[in-house]
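Structure first, commentary second.
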Amino acid sequence: MHLFYKIKESLKSENLVNYNKFIKNLEFDENNSTSTHLIIKAPNIFIANFVKRKYLSKIDELYEKETGIKAHIDIITKEIKHNPVKLEEIIQHTTPSVLIPEYTFESFIVGPSNQFAYTAAKSVAENPGKNYNPLFIYGGVGLGKTHLLQAIGNYLKTSFNVLYVTSEQFMNEFTENIRMKTPERFHEKYRNCDVLLIDDVQFFAGKERTQEEFFHTFNELYNQKKQICLTADRPPKRLYDLVDRLRSRFEAGLIVDIQPPELETKIEIIRKKCELNGIYLPDEIIEYIATKLDSNIREIEGMITKINAMSKILGITEITLDFAKQALREHIKDKKEIITFEDIIKLIAKEFNIKPSEIISKSRNRNIVQARRCAIYLAREFTKESTPIIAKYFGLKDHSAVSHAIKNFNKKLKEDSEFRIKIEELKNKIQIKKSE
Ligand code: ADP
Ligand code: MG
């Protein structure tokens, strides 16, 4: 839109440095915006967040000044975030339900973990409504369910009327149309499509009216041999809050799962993402990221973007392994669950020059008791385990014994500065160990 260009120009004249870093690469999503709802695409989550914080009200203002319209503005990235829904009511959308052109079969890396799901999706795209109806894809977070679902949509959108929505949007629209007393609008939209793609149907759980409506939509489309594809974080038989007749519909077609990718697949996915985003990372860094982060590809992508954005902002031309390690360490710091009891025991045993088994033994030897106390303190600081679990693991009587030990430990930390320094060192070590 010409107007968006004008807004950008105006921001450019205000601050050229920020313009180049954050504004220049924003794109206006013409296809999915309306005059009252603007969708702006940012190249990554880092920029999106910055623009939201610093520029949203300014853009809002400029748009209103030009058009007299007060619009709702969404800054989106390629990442899709879903907020679990508690109530069957209208939910504010952070992510519009749109097909993202980059989510294609070509940009999807196939490995043993997702081969089955990929082949099924491809087959559905090539023969909609014929082979597998419905297709139900399930798997953990960030493993590519949305990508595959959208790949079907992108493949078919030129010749068919494709409708992609998240289950939340389906629910919102349904509720809104009931409220506005315009159910026919809803029916028309959903029952007249050729291909219906619904993402994350686990959010239908417990929403009985929506399920009821979806049941009718499903039957109508199914009877007309229209293709339906669904995704969820678990198989239909484990969607406990789903009415039985809907569950049996979901089970009637083909159910495929996506497993976490193997290391090789992970490396290849990272390579592909870098290539698509114009980011250059040497092989050793790609491998490093693949081994250090777990299998949530969305998280891995976030990390790549972060490394890239950090290097740009800091003006680094060549990203080194050390730089990547540093960036990753910051990231891992936020993730307490990554550090396990075993990590702690290993480190403490080494530091105190004792055997790991001695730490969890009943020994009253002074050095061992001291080591055990440190381990318990670190376990409380760095793992997400509760005090009863910590008590059990380290052989203490009960959770109050853990609380008591920690209280004493904190007291000593306060009083003894030498001790405090030693513990700070230990804390650093345990985090660094994990990110190496
Ligand atoms: P899910 O819906 O299962 O939570 P997504 O489909 O949103 O996961 O995937 C998260 C990110 O990881 C997306 O950017 C997607 O493109 C990417 N991704 C996941 N699996 C693959 C793959 N096999 N090849 C390429 N990209 C992938
Ligand atoms: Mg998804």
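Order of appearance sets the numbers: ligands from 1, and atoms from 1 within every ligand.
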Would you verify whether the NZ or CZ of Lys24 falls within 45 degrees of the ring axis of Tyr19 while also being under 6.0 Å from that six-membered ring's centre? no

Checking only N/O/S atoms, does Thr146 have one that is under 2.8 Å from the Mg ion (ligand 2)? yes

Check the pair Lys346 / Glu342 against salt bridge (charged side-chain N to carboxylate O under 4.0 Å, His left out), numbers first and verdict last. CA-CA 6 Å; Lys346 227 160 84 188; Glu342 286 72 26; over 6 Å; no

For ligand 1, is there an atom lying under 4.0 Å from some heavy atom of Lys273? yes

Fit a plane to each ring of Tyr393 and Phe341, take the angle between them on a 0 to 90° scale, and name the class: parallel (under 30°), tilted (30 to 60°) or perpendicular (over 60°). tilted

Heavy-atom nearest option to atom 14 (O) of ligand 1, drawn from Gln150, Lys266, Lys272, Glu301: Glu301

So is there a nitrogen or oxygen of Phe108 less than 3.5 Å from a nitrogen or oxygen in ligand 1? no

Nearest heavy-atom approach of Ile47 to Lys21 is CD1-O, 3.7 Å

Relative to Phe215, does Arg245 satisfy both conditions: NZ or CZ under 6.0 angstrom from the six-membered ring centre, and within 45 degrees of the ring's axis? yes

Does an N or O from Leu143, backbone or side chain, lie closer than 3.5 Å to an N or O of ligand 1? yes

Part of Ser107 with heavy atoms under 4.0 Å of ligand 1, whether side chain, backbone, both or neither: backbone

Can a non-hydrogen atom of Gly139 be found less than 4.0 Å from any atom of ligand 1? no

What class does the angle between the rings of Phe50 and Phe22 fall in, given that below 30° is parallel, 30 to 60° is tilted and above 60° is perpendicular? parallel

Quick test of your reading of the structure: of Asp233, Thr146, Leu148, whose heavy atom lies closest to atom 2 (O) of ligand 1? Thr146

Short N/O distance, under 3.5 Å, between Ile109 and ligand 1? yes

Should the proximity of Asn114 to ligand 1, defined as any heavy atom under 4.0 Å, be assigned to the side chain, the backbone, both, or neither? side chain

If we only count N/O pairs under 3.5 Å, is Val141 in contact with ligand 1? no

Is it the case that atom CD in Glu9 sees more than 12 heavy atoms from other parts of the structure closer than 6.0 Å? yes

I'd like to know if the side chain of Asn277 reaches the main chain of Lys273, judged simply by a donor and an acceptor atom lying under 3.5 Å from each other, with no hydrogens or angles considered. yes

Using a strict cut-off of 4.0 Å, indicate which atoms of ligand 1 neighbour a heavy atom of Gly140. 3 (O)

Is there a heavy atom of Gly111 sitting under 4.0 angstrom from any atom of ligand 1? no

Ring geometry between Phe204 and Phe214 (parallel below 30°, tilted from 30 to 60°, perpendicular above 60°): tilted

